[in-house]
Structure formats: structure tokens, C-alpha cells
Amino acid sequence: MQIENDVAKSYDDFPYESYALKETHPSHIYTIATLYGFKPTLIDRANVLELGCASGGNIIPMAFHLPNARFCGIDLSKKQIELGKRLIEDLQLKNISLIHQSILDFNPLEKFDYIICHGLYSWVDANIREKILEICKNQLTATGIAYISYNTFPGWEIAGTVRDMLLLYTAAEKNPLHKATTARSLLMHLFTQLKNMTTPYSALVIQEVEILLKHSDAQLIHEHLSNTNEPFYFHQFMQAANKYDLHFLAEAFLSNMKTENLPAEYTVAPKNEENRILAGQYMDFVKNRRFRATLLCHERLIIQEKNIQEAIWKCYLRLVVLPDNDNFQENDILTPKEILFTNSIMCLNVNDPFSKLVMWILFQAKEKSLHYSELCKSIMQNVPQSFSEIQVFLDKLLLKAILGGIIDVNVVSPHYVLEVTDKPLACPFARYQVYYQNIVTNRRHENIQLTHLAQALLPYLDGAHDIKALIQVINDFVEEGALLIVDENNQPVNDEQKKFLQIEMLCKKTLNQLANQAILIR
């Protein structure tokens, strides 16, 4: 009990940043489950539980945007729960409750369709980890899905070494904030000493140091300087889950499902649970993976690739990376030129005309999600082959791009607009958030960091102000000195006519950015 009290006090004293996590959203989980042949509860009438909800930055936007679903969050920090409750009261939400309680004492009578446990499993002791799995076993509905994230080996090996170093160096510090400051000074020293070294070990350490230097004090305190931080091999986590009759559905990050260069027995269909776990574990070794977010269910699944491809037929698709060639043009489709799409996980080279056509159509759609049928229709307008002939190649290309994180996929139709109307309307939740912070949650459950101009503009995107009025709002802010207009040399613009033209241009540009960031609605 004393350990829990100490943990609660640390979170009360230094609240953890509470933001949206796209991969935990029921819509995302529902989509992945559908791809892997599972049939969960529809999200608009689901019952959702979040263990360790902090102040509700993740679960409250879900409740706002899914008014017919029900949500419950619990957390050990009384202060953070009170912050969340004030937000719920301000928004007058009736479909969500936040509870100040230890997970060990949580024994609800109801069952849940989705259970979210992010950033908790590796940071608590064994009895709480067992309780988390027990809750998932007993409180999940028959078609329920649990999301549990945790640190993993082998990637955590070097992170653990740096953590041990920080713990030793800061051992004399009792004040958590002083501990974080002392840890940061060591990280800066390590960065200075190692940045010019060329050994493999120094490269690994400096990479970890660069990650930690970007973290806030709260992240350092609660993640890397916490009393408990227990990584697991993926197969070890699944052994623990299996004891509670919880089975592997998929990973919340689809890119973690991609397997390559493995023995044939792990790459042929059908794939039973044991083979899928072993394949995932081997890929962790190959990729040096350090973090997983695993989806669990009550059923043992056998997965066949053709079923995943057929599930894509029901999905909306959105290209989430840009080609390496900024000048990717339609006439490049029929040339020998290779087009590269890349992110931190995968490189997708397209050189045949059909693949380039598919990527061109998605590229032209920009932030718009195209339904599979829309994509097929556009393809058919450009190729002479029959639908059945092109579908085989299309499905293989899409599966590869989806598993590589090149294309975002969603079974649920997105609810936002990409066009700026004469009287733009922003999501009410984002309009509320902007009064308190410069990071807002968009309609894709992503965190959007706003520019100063967007912050000033967003409260007035209420569907009542037209473009002319919005430009005047920004002009008034500039006249009052709340915003400064500068030229291409970063110098203040003093000419009144030039200043107004600059305001007009920036206002329209910001509105287009907010539309592309999925913040505007009908």
C-alpha cells in the first residue's frame, strides 16, 4: 500500500502529460480486428475501459466523438482524476465516468468491449500485472479486445543500461524534479562525450540519449526514473496472457505484424497462434524492437493472408507518407523512373506502371481517405484490364503498404471535411481545448500542435464567422500587438496594405492546414 501511495503522490505532484493515442482508439482496434477476421462490437455502441487513464486526455475525446458509446477510466492519481472530471463537467458529457482507484481494488460488475492499458504494464509490479490480465479475462465480453502496451527485449537492452546509469547517478536525489534535472545533466554530458565516437556501442547509447533528451521532466520521472520498469520478450508476455485464456489477435501497430526473412514454416498460411507468436518474436530480434502494443481476445485465431486482403475491400485508405520525389507527376507513371515511399519503418519502391498508378491516385487524394471501391473505380478508368485481373496485384500492393505503415486503413468512414467553406466549422472539442493548450485532438484521434495563428483563429471557427470576418479577427489581434506579422526575412511588416494582404494570405493558409489536419467538420 505504501508503494502505491508513493506512486500516487508522484503523479499528483508531477502529472503525466495526457494526450490522445490514435492506436488505442476503438475505431483503430476495430479495424485491425476486422482485418484479422475477428468480429468485435461496433464502436458506436461499445463499452470502453481505460486502466491508468491519467486526466483523461485519451479517453475523453473518444467519449465526446462517440456519444452513444460508454466509457470508464480509472487512475491512482486523485489530482489527475479531478482534472478529468472538471473537463467532463465543462463538456457536459453523460457517457463517461472517471474513478480514483487502485487497479487492485477495481472489481466492476459490467463487462467491456474494449479495454485499454497503455504505458502501465511495464511500470507496475507483478501483482498489478496479474490483476490487469485478470480484469481482461473476466471483464472482456465474448468478442471483446484488450490493448496492452509494454517495453520489450531485445530493444530495451540498451535503454535499460542507460536507465540503470541514470538511477545510479540520481540515487541521492529525493525530490523528483531535482532527480529529473540531475538526470538531464548526465544525458547532456553523455551526448557531448559520445557524439564524436564511432564505436557501435557509443552509437547505440547516443541514440538512446537523443530520445531521452526530447522527453519532458514528467516523462523522465515516470518512465525512466520510476522504481519499476520491466521489459519482456514478446513470447514471455504472451505466456502470461495465455494463463488467463487471453490470445494473440494482432499488434496495434500494424507495421509490427510485417514478417520477412523468416523460415518458411512461419510465413505460410494458415498461421496458428503459436507460429504467429514465434514469428513476431523472431522479428523483434531482427528489428531490435523495444515496444509493443498487443491486442488480446478470448479466441484462438488462425489467420490466412487472403482473408486479410478480402477485409481490405471494406476499408478506407489514406497515404500517410510522401514520395521521395516532390515532383512526382502523372506522366512518371509510364516512365522507367522508380518512385520511393519511405518512413522510419519501411521503404516501398514502385517502378511498374500499375503500382505507380495506384500510388499516384492515393497521392492526389492527399488527406482524403478513399474507399477501396473508389480506388478501384479510379484505377479502372486508367487501365484496360478487367477488375478481376487488376485486383490480384492491387491487393498484394495494398497489403504490403498497409503493413509497412505507408497507407493508413480504417473500416469506419472518417468524419471531417477537407474543404474550407465560407463559414468554416471546427470540431467543438478542439475549440474547447485551444483555450487551455496549444495541442488539440483532431477527428482522427491524433495530437495536432497548433501554430500561434491557428490558436488565435480556432475559437472563431464556429460556423458563424465567414472568411472575411476571420481575416478581420486576425487583423484585430495584430493591431492589438497579440500577433506579429513578419516578412520573408523575419522582419516586421509595417506597410498597412502589405500587412493586410499578408494577414489574408496567412489566414487562408492556416484554414487549409486545419482542414488537412482533420479539425474541420460539417
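In this text, all values refer to a predicted model and were calculated from it rather than measured experimentally. Numbers here simply count residues along the sequence, with the first being 1.
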Glu299 side-chain N/O to Leu301 backbone N/O, donor-acceptor pair under 3.5 Å
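Between the backbone of Leu301 and the side chain of Glu299 there is no qualifying donor-acceptor contact (under 3.5 Å).
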
Modelled atom types, side-chain donor and acceptor of Asn151 and Trp123, under 3.5 Å:
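Their side chains do not contain a donor-acceptor pair, so the 3.5 Å distance test is not met.
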
Qualifying residue, where the test is ring-ring contact (aromatic ring centres under 6.0 Å, His included) with Phe232 and the options are Phe237, Tyr121, Phe153
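Considering Phe237, Tyr121, Phe153, a ring-ring contact (aromatic ring centres under 6.0 Å, His included) with Phe232 is found only for Tyr121.
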
Minimum heavy-atom separation for Asp125 to Thr228, with atom names?
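Heavy atoms of Asp125 and Thr228 come nearest at N-CG2, 4.4 Å.
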
As an exercise, state the distance from CD1 of Ile132 to CD1 of Ile103, rounded to the nearest 0.5 Å.
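Ile132 atom CD1 to Ile103 atom CD1 measures 4.5 Å (nearest 0.5 Å).
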
Glu23 and His118: side-chain contact (heavy atoms from CB on, under 4.5 Å), yes or no, with the steps?
CA-CA 10 Å; Glu23 65 272 13; His118 179 81; 4.1 Å; yes

Does the side-chain contact (heavy atoms from CB on, under 4.5 Å) test come out yes or no for Leu166 and Leu187, once each step is laid out?
CA-CA 8 Å; Leu166 292 176; Leu187 291 171; 4.0 Å; yes

Side-chain donor/acceptor of Asn410 to backbone N/O of Tyr316, under 3.5 Å
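No: the side chain of Asn410 does not pair with the backbone of Tyr316.
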
So Tyr244 and Glu130, side-chain hydrogen bond (donor to acceptor under 3.5 Å, both in side chains) or not? Walk me through it.
CA-CA 9 Å; Tyr244 287 87; Glu130 295 292 326; 2.4 Å; yes

What is the distance from atom CG of Leu246 to atom SG of Cys297, rounded to the nearest 0.5 Å?
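Leu246 atom CG to Cys297 atom SG measures 8.5 Å (nearest 0.5 Å).
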
Has the side chain of Gln309 got a donor or acceptor atom that lies under 3.5 Å from a matching backbone atom of Leu399?
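Side chain of Gln309 to backbone of Leu399: no pair is present.
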
How many angstroms lie between CG in Leu76 and CG in Asp105, if you round to the nearest 0.5 Å?
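Leu76 atom CG to Asp105 atom CG measures 9.5 Å (nearest 0.5 Å).
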
Strictly under 6.0 Å, is that where the ring centroids of Phe71 and Tyr114 end up?
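Centroid separation for Phe71 and Tyr114: 6.0 Å or greater.
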
Using the side-chain hydrogen bond (donor to acceptor under 3.5 Å, both in side chains) definition, which of the options Arg276, His298, Glu273 pairs with His247?
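That would be Glu273; it is the only one of Arg276, His298, Glu273 passing the side-chain hydrogen bond (donor to acceptor under 3.5 Å, both in side chains) with His247.
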
Tell me whether Lys179 contacts the main-chain N or O of Thr170 through its side chain, where contact means a donor paired with an acceptor under 3.5 Å.
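Pair found, side chain donor or acceptor close to backbone of Thr170.
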
So, are Arg163 and Glu208 salt-bridged, with charged N and O less than 4.0 Å apart?
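Looking at Arg163 and Glu208, the cut-off is not met.
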
Audit row: Ile148, Leu133, side-chain contact (heavy atoms from CB on, under 4.5 Å) steps and yes/no:
CA-CA 9 Å; Ile148 302 178; Leu133 295 174; 3.9 Å; yes

To check you understand the geometry: which heavy-atom pair defines the closest contact between Gly73 and Ile59, and what is its length?
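Nearest heavy atoms, Gly73 then Ile59: N-CD1, 4.2 Å.
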
Side chains of Met238 and Gln281: closer than 4.5 Å at any heavy-atom pair?
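No. Closest side-chain heavy atoms not under 4.5 Å.
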
Find out whether Met257 and Tyr36 are in side-chain contact, i.e. whether some heavy atom of one side chain is under 4.5 Å from a heavy atom of the other.
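In contact.
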
Report yes or no: is the cationic atom of Arg292 (NZ for Lys, CZ for Arg) under 6.0 Å from the centre of the six-membered ring of Phe234, at an angle within 45° of the ring normal?
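Yes.
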
Shortest non-hydrogen contact between Gly463 and Leu425, atoms and distance:
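Heavy atoms of Gly463 and Leu425 come nearest at N-CD1, 3.8 Å.
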
Arg184 and Asp217: CA distance, side-chain angles, deciding distance, side-chain contact (heavy atoms from CB on, under 4.5 Å) verdict:
CA-CA 9 Å; Arg184 202 175 293 280; Asp217 286 341; 2.8 Å; yes

With a cut-off of 6.0 Å (strictly less than), are more than 12 heavy atoms of other residues, nucleotides or ligands near CD of Gln101?
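For Gln101, atom CD is crowded (more than 12 foreign heavy atoms under 6.0 Å).
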
Looking at Ser18 and Ser55, what are the two nearest heavy atoms and their distance?
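Nearest heavy atoms, Ser18 then Ser55: CB-OG, 3.2 Å.
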
Within a strict 4.5 Å, meaning less than it, do heavy atoms of the Asp75 and Leu98 side chains meet?
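No, side chains not in contact.
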
Using 30° and 60° as the class limits, which term best fits the ring planes of Phe429 and Phe64: parallel, tilted or perpendicular?
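Correct class here is tilted.
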
Could you check whether any side-chain heavy atom of Asn127 comes within less than 4.5 Å of a side-chain heavy atom of Lys131, counting everything from C-beta outward?
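The answer is no; the side chains never approach within 4.5 Å.
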
Can you sort out the partners of Arg289 under side-chain hydrogen bond (donor to acceptor under 3.5 Å, both in side chains), two or more places apart, ordered by chain and number?
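By the side-chain hydrogen bond (donor to acceptor under 3.5 Å, both in side chains) rule, Arg289 matches Asn256, Asp284.
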
Between Ser27 and His25: side-chain donor-acceptor atoms closer than 3.5 Å
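The criterion, which ignores hydrogens and geometry beyond distance, is not satisfied for His25 and Ser27.
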
Kindly give the heavy-atom pair with the smallest separation between Tyr460 and His465, and that separation in Å.
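Closest pair (atom of Tyr460, atom of His465, distance): O-ND1, 3.4 Å.
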
Verify the neighbour count for atom NE2 of His178: are there more than 12 heavy atoms of other residues, nucleotides or ligands below 6.0 Å?
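No.
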
So how far is it from Leu49 CG to Ile99 CD1, rounded to the nearest 0.5 Å?
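It comes to 8.5 Å.
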
Test of understanding: with side-chain hydrogen bond (donor to acceptor under 3.5 Å, both in side chains), list the residues that count as partners of Asn516, not counting sequence neighbours.
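Asn516 satisfies side-chain hydrogen bond (donor to acceptor under 3.5 Å, both in side chains) with no residue once adjacent residues are dropped.
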
If I take atom OG from residue Ser102 and atom CD1 from residue Ile74, how far apart are they, to the nearest 0.5 angstrom?
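If we round to the nearest 0.5 Å, Ser102:OG and Ile74:CD1 are 7.5 Å apart.
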
Kindly determine whether Glu419 and Lys368 satisfy salt bridge (Lys or Arg N to Asp or Glu O under 4.0 Å), including the steps that lead there.
CA-CA 10 Å; Glu419 303 80 23; Lys368 180 181 178 183; over 6 Å; no

Which atom pairs, donor and acceptor, lie under 3.5 Å between side-chain atoms of residues 81-91 and protein residues at least two apart or in another chain?
residue: Asp90; atom: OD2; partner: Tyr432; partner atom: OH; Å: 2.6

Inter- and intrachain pairs under side chain to side chain donor-acceptor pair (under 3.5 Å), touching residues 443-452, at least two apart
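Residue pairs passing side chain to side chain donor-acceptor pair (under 3.5 Å), neighbours aside: Lys22-Glu446, Asn58-His445, His65-Arg443, Glu367-Arg444, Tyr416-Arg444, Asn442-Glu446, Arg444-Glu446.
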
Looking at Ala293, is its backbone amide N or carbonyl O close enough to the side chain of Glu251 to form a donor-acceptor pair, meaning the two atoms are under 3.5 Å apart?
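A pair under 3.5 Å: yes.
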
Is the closest basic N to carboxylate O distance between Glu110 and Arg70 below 4.0 Å?
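Yes, Glu110 and Arg70 are salt-bridged.
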
Could you tell me which non-hydrogen atom of Trp156 sits nearest to which non-hydrogen atom of Arg290, and how far apart they are?
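It is CZ3-NH2, 3.3 Å.
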
Separation of Ile308 CD1 from Thr34 OG1 (nearest 0.5 Å):
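The OG1 atom of Thr34 sits 12.0 Å away from the CD1 atom of Ile308.
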
A quick test of your reading: do over 12 heavy atoms of other residues, nucleotides or ligands sit less than 6.0 Å from NZ of Lys243?
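No, the 6.0 Å shell around NZ holds no more than 12 heavy atoms from other groups.
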
Can you list the residues that meet the side-chain hydrogen bond (donor to acceptor under 3.5 Å, both in side chains) rule with Thr141, with sequence neighbours excluded?
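Thr141 satisfies side-chain hydrogen bond (donor to acceptor under 3.5 Å, both in side chains) with Asp113 once adjacent residues are dropped.
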
Partner of Ile145 by side-chain contact (heavy atoms from CB on, under 4.5 Å), out of Ile116, Leu296, Leu249, Thr41:
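By the side-chain contact (heavy atoms from CB on, under 4.5 Å) criterion, Ile145 pairs with just one of Ile116, Leu296, Leu249, Thr41: Leu249.
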
Any donor-acceptor N/O pair, Arg431 side chain to Ala426 backbone, under 3.5 Å
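Answer holds: yes.
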
Tell me whether Glu157 contacts the main-chain N or O of Pro154 through its side chain, where contact means a donor paired with an acceptor under 3.5 Å.
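No.
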
Check: Gly119 main-chain N/O paired with Ser149 side-chain donor or acceptor under 3.5 Å:
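Checking the backbone N and O of Gly119 against the side chain of Ser149, a donor-acceptor pair under 3.5 Å is found.
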
Mind checking side-chain hydrogen bond (donor to acceptor under 3.5 Å, both in side chains) for Arg45 and listing every partner two or more places apart, or none if nothing turns up?
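Once residues adjacent in sequence are excluded, Arg45 has no partner under the side-chain hydrogen bond (donor to acceptor under 3.5 Å, both in side chains) criterion.
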
Take Tyr233 and Phe285 through the test ring pair (Phe, Tyr, Trp, His ring centres under 6.0 Å) and record every step on the way to the result.
CA-CA 10 Å; Tyr233 283 106; Phe285 286 125; 5.7 Å; yes

